Amino acid sequence: MKKSTMTIAGLDPSGGAGIIADLKTFNSYNIYGTSVITALTAQNPKKVTNIMAIDTNFIIEQIDLIMDEYPIEYIKTGMLYSDKIIKVISKKIKEYNLKTIVDPVMVSESGSNLVDKTYIDSMKKYLLPLAYIITPNINEAEKLSNITIKTEEDMITTSKLLNKYTNTTIITGGHMQGTDILCIDDEIYKIKGNLIKSNNTHGTGCTYSSSITCELINNKTIHDAAINSKNYVKESIKQGYYNTPNQFWKK
Ligand code: PXL
């Protein structure tokens, strides 16, 4: 039987990030993808000009109807946009006992990487404690921890700190030298990588966290999932298109 999953995230109509990137990734793993939209955006790979949040009751309705029908164990979350949305989604994760890969996307109304303190606090209070794995990039890890990350040692310190809120943290190193830091409890694993010279990076975070979700659905260990997903994203970038990774290279 084909396995199924769900992404709870925003819509990037240009398809590089958000639920479209997630669905493409699920598809390339031959996993049936469902998607619950938290917010619409107007954007292309170079800029976000507008965001419209979906009403929380409507989000709840989307989740309930999917969960009525599909045997879903692992899901991922992406752009949640407001602290109100974080709260309702956390409740649903608890209700359905969902193993959730949280990509702590922080995109504001203007599309800039600036969300307010309430959003970050809600994430730490409600969502991170329920998460199976969190996959922040360097910027997101800095915002969640209040630590400035300049070195690999800083990544390690930060991942250990973030594990006070959650179970397992992977800080992705695409904005540094390319090595990811995986922290399970207090145990650190370095997932080595190097940077590729490419502009096809819009939506790599979404692609990565979706890939991790699929790897876990396929019964991989977290460590293997992190290695395989890193490779999946690297190949997607290499074979990308219009500033966007090509998640279909695997097909
Ligand atoms: O890459 C982060 C991200 C995730 N989800 C949506 C986005 C963005 C960035 O623009 O628009 C919907």
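Start at 1 and go down the list; that is how both ligands and their atoms are numbered. In this text, all values refer to a predicted model and were calculated from it rather than measured experimentally.
At least one donor-acceptor pair closer than 3.5 Å links the side chain of D180 to the backbone N or O of G173.
In summary, the atoms of ligand 1 found under 4.0 Å from a heavy atom of V105, numbered by their order in the structure, are 2 (C), 3 (C), 4 (C). The contact set between ligand 1 and V48, taken as ligand atoms under 4.0 Å from a residue heavy atom, comprises 10 (O). Set against the non-hydrogen atoms of G10, the atoms of ligand 1 under 4.0 Å away are 12 (C).
Note that CD1 of I133 is 4.0 Å distant from CD1 of I222, once rounded to the nearest 0.5 Å.
Considering both main-chain and side-chain atoms, D12 never comes within under 3.5 Å of ligand 1 through any nitrogen or oxygen pair.
Residue contacts with ligand 1, taken as heavy atom pairs separated by less than 4.0 Å, do not involve A39 at all.
Under 4.0 Å is where a charged nitrogen must lie from a carboxylate oxygen, and between E152 and K190 at least one such pair does.
Distances from ligand 1 to the non-hydrogen atoms of G205 include no value under 4.0 Å.
Between the side chains of S28 and Q247, no donor-acceptor pair of N or O atoms lies under 3.5 Å.
Ring to ring, Y29 and Y232 are close: their centroids are under 6.0 angstrom apart.
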